[in-house]
Amino acid sequence: MLDRCIFIAASFLVATSVLAEDLLDPSVAFRTAARLVKPGLIEVRYDTAPGYYLYRDRLEFRIEPAGATLGKPQLPPGKVKEDEFFGKSVIYRNRTVVRIPVSSAPAGQPLTLIADLQGCADLGVCYPPVRRTLPLAAAPGTQ
Amino acid sequence: MTSLRAIAICVAVAVLALSAGYATHVLLADGTVATGISDADDVEALWKSELPDVHGVRTSVAHWRGSVLVVNFWATWCTPCREEMPSFVTLQSELAGKGVQFIGIAADQADKVDRFAKELGINYPLLVGGMDVLDLSAKLGNRISALPFTVILDRQGRIAHRQLGILKPEKLKSVIAKLS
């Protein structure tokens, strides 16, 4: 019986401790990955932790090296967030996939996507803009 | 007897567990985000800081030493920052006579800060430092460099309170009441 009681009490403790979980480091709150899904098309995947969100208008992209160019990013619709000061903003939660056309780099050089993002936590804090440097693995059958 | 002891231990552990949970809940319900803060206390880094205002005029934070100083790190891209600032405007007017001084340190661009300050009628000094001011806030305990982050310093220049997330007027007043 004692074992069972302690188990139940400990479960309470664990359950309530979850509420106090640390605010996440932005690299964990806004996990970002990118790859070439096929020649000429980049897929950027944002895995945003529960309770966190990204602003659509603050996603920006740049490609390296010079000579390669990005097309218009295909941004999913997202959800509208109303704010007294900012007005309406579109935000992304959970998994978000953005596809971006890309021209190949000169002389088959490897491509690197530079992705800027900015997001906040529902607890009432915002993270500063963050820059991710994402080397793009070649799609199968490409160099 | 063994069974009674077991029940007593069980109740004690359960009370402890629930108390821990309740304390946590109070912290969050109060709007206080207690997590994400470290006990970094390099307050001298703040007193040695010299930052420009929106017109480029550099001011040393030490200029305000001796006041109860409320230092608010913020940015125009931070919604909760913009949400809490009107209450700072009100409290600055209300508490100025008691030797309480607010200053804002923005991780932002001067023109954006200037526009926002005019829009909101900010009545306390705003300094602008770009993203490097987040390093300063980290030295004061802002472990994850999120905003808003506010530090309240006593008249001796020591940190009396750190707040990550919105600092509600009631909380701010209760901290200041102990320092005035």
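Every chain is numbered from 1, with letters handed out A, B, ... down the list of sequences.
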Kindly indicate whether the side chain of B:Cys78, heavy atoms from C-beta on, has any atom under 4.5 Å from the side chain of A:Tyr127.
no

Can you tell me which residue among B:Leu147, B:Thr79, B:Asn142, B:Leu164 is in a side-chain contact (heavy atoms from CB on, under 4.5 Å) with A:Val125?
B:Leu164

Mind checking whether A:Tyr53 and A:Val97 sit in one hydrophobic cluster, side chains of I, L, V, M, F, W, Y counted as touching below 4.5 Å?
no

Can you measure from CG (A:Asp25) to CD1 (B:Ile144) and round to the nearest 0.5 angstrom?
8.0 Å

What part of B:Glu83 gets within 4.5 angstrom of chain A, counting heavy atoms only: side chain, backbone, both, or neither?
both

When you group the ILVMFWY residues by side-chain heavy-atom contacts below 4.5 Å and let the links chain together, are A:Ile114 and A:Phe30 in the same group?
no

List the atom of B:Trp77, the atom of A:Arg58, and the distance in Å for their closest heavy-atom pair.
O-NH1, 3.4 Å

Do B:Cys81 and A:Cys126 have side chains that get closer than 4.5 Å, going by heavy atoms?
no

